[in-house]
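Every chain is numbered from 1, with letters handed out A, B, ... down the list of sequences.
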Amino acid sequence: MSGRAAKPPPAATLRRWEREQAQLKANVVEEDTEEWQKDSSFAGLERVGGVDLSYIKGDDTSACASLVVLSYPALEVLYEDCRMVAVSAPYVAGFLAFREVPFLVEAVQRLQQEEPKLKPQVLLVDGNGLLHPRGFGVACHLGVLTDLPCIGVAKNLLQVDGLVRNELHREQIRSLQREGDTFPLIGTSGRVLGMVLRSYNNSSKPLYISVGHRVCLETAVRLVKSCCRYRIPEPIRQADIRSREYIRTQLCSPLEVISSEPESRKEEAELDD
DNA sequence: GCGACAG
DNA sequence: ATCTTGTCGC
């Protein structure tokens, strides 16, 4: 139930991965394809999914992959799937999908088979979509493989196409005064790669939203906004909470789990700044 | 050589 | 991603 450290991937593997990204990228749709996406209040949208992987401290190969489905607009959990997985690929910036996506695809397929009526109409993904060195981040990757609308939600800026988190960038972030405020990320190429969003009044740290698949950037930002109770949009936040909790109960003996219950402390805190 | 590097 | 409690503030 444990594993060793992750080895750096050979250059040949990286080249193979790059080719695969280039091939799959041809299938990405950067526009709205669903009726509910065009509605000002997302009428017709009933289920939003969130995915995440949580890892064990010293173990690079054991993780918990989770997929949750929330009702919309109430944001109540309708479905939860947490499962320990054996991660084989190491983390390499720009190739996150090759580490995490296989387990997420499995989770989606499992849901499709066991609870087809709960299949999400859109997926919020930890990480980037088009905001990526080769324009094909994990949100695009998962979107193409599952043919589901996907939105990339990153907690940190991936410096790409001339984008840098310098003083100017920090100043732009400071200019986001209230939740809902945004500014676009425009690369040297002139393309709009994503949007920086202040998602929560109590946190000055923004989110980096980008198109994954079958959704346009404006719709993506609008939907993420409408899913935020705290800084992290609820579907991803629930997937994150549940996957780490799953790991915690896997790691500790039953007695320890009971005695270290987090009950009174965190739960509903998430106040940054 | 130096810095950058989603999760 | 993960290591980590209390604490200051609304």
Could you go through nucleotides 5-7 of chain B and list every protein N or O atom that sits under 3.5 Å from one of its N or O atoms, giving the distance for each pair?
unit_1	atom_1	unit_2	atom_2	d
B:dC5	OP1	A:Gln159	NE2	3.4
B:dC5	OP1	A:Arg165	NH1	3.3
B:dC5	OP2	A:Arg165	NH2	2.2
B:dA6	OP2	A:Tyr91	OH	2.8
B:dA6	O4'	A:Asn128	ND2	3.3
B:dA6	N7	A:Gly94	N	3.0
B:dA6	N6	A:Gly94	O	3.2
B:dA6	N6	A:Phe95	N	3.2
B:dA6	N6	A:Leu96	N	3.2
B:dA6	N6	A:His132	NE2	3.2
B:dA6	N1	A:Val138	N	3.2
B:dA6	N3	A:Asn128	N	3.0
B:dA6	N3	A:Asn128	ND2	3.4
B:dG7	OP1	A:Lys155	N	2.7
B:dG7	OP2	A:Asn156	OD1	3.0

Task: Value in whole Å for how far the C1' atom of C:dC3 lies from CZ of A:Arg248 - done: 16 Å

- [ ] Return one dot-bracket line describing DNA chain B 5' to 3' (Watson-Crick or G-U wobble pairs, both distances under 3.5 Å; ( ) same strand, [ ] crossing, | another strand, . none).
- [x] .......

TODO: Enumerate, in order of first residue number, the stems that involve DNA chain C, defined as 3 or more consecutive Watson-Crick or G-U wobble pairs with both distances under 3.5 Å.
DONE: none

Task: ILVMFWY cluster membership beyond A:Leu193 - transitive side-chain contacts under 4.5 angstrom - done: A:Leu131, A:Leu157, A:Leu158, A:Val160, A:Leu163, A:Ile173, A:Leu176, A:Phe183, A:Leu185, A:Val196, A:Tyr208

Task: Contacts of A:Glu46 that satisfy salt bridge (charged side-chain N to carboxylate O under 4.0 Å, His left out) - sequence neighbours left out - done: none

Open item on the list: Applying salt bridge (charged side-chain N to carboxylate O under 4.0 Å, His left out), can you list everything that pairs with A:Asp240, at least two apart in sequence or on another chain?
Closed with: A:Arg244

Open item on the list: If the condition is side-chain hydrogen bond (donor to acceptor under 3.5 Å, both in side chains), which residues does A:Asp32 pass it with, not counting sequence neighbours?
Closed with: A:Thr219

Open item on the list: I'd like to check the ring-ring contact (aromatic ring centres under 6.0 Å, His included) partners of A:Trp36; sequence neighbours left out, ordered by chain and number.
Closed with: A:Phe42

Open item on the list: A:Glu245 vs A:Arg248, test: salt bridge (charged side-chain N to carboxylate O under 4.0 Å, His left out). Steps then yes/no.
Closed with: CA-CA 5 Å; A:Glu245 177 66 7; A:Arg248 196 175 66 81; 2.9 Å; yes

Task: Pairs satisfying side-chain hydrogen bond (donor to acceptor under 3.5 Å, both in side chains), at least one member in residues 134-153 of chain A, at least two apart - done: A:Gln21-A:Arg134, A:Asp147-A:Arg214

Open item on the list: So, using side-chain hydrogen bond (donor to acceptor under 3.5 Å, both in side chains) as the criterion, who are the partners of A:Ser40 when residues are at least two apart?
Closed with: none

Task: Whole angstrom value for the distance that separates P of C:dC10 from CG of A:Asn202 - done: 11 Å

Task: Sequence-distant partners of A:Ser88, side-chain hydrogen bond (donor to acceptor under 3.5 Å, both in side chains), two or more places apart - done: none

Open item on the list: A:Arg170: which residues meet the salt bridge (charged side-chain N to carboxylate O under 4.0 Å, His left out) condition with it, sequence neighbours left out?
Closed with: A:Glu167

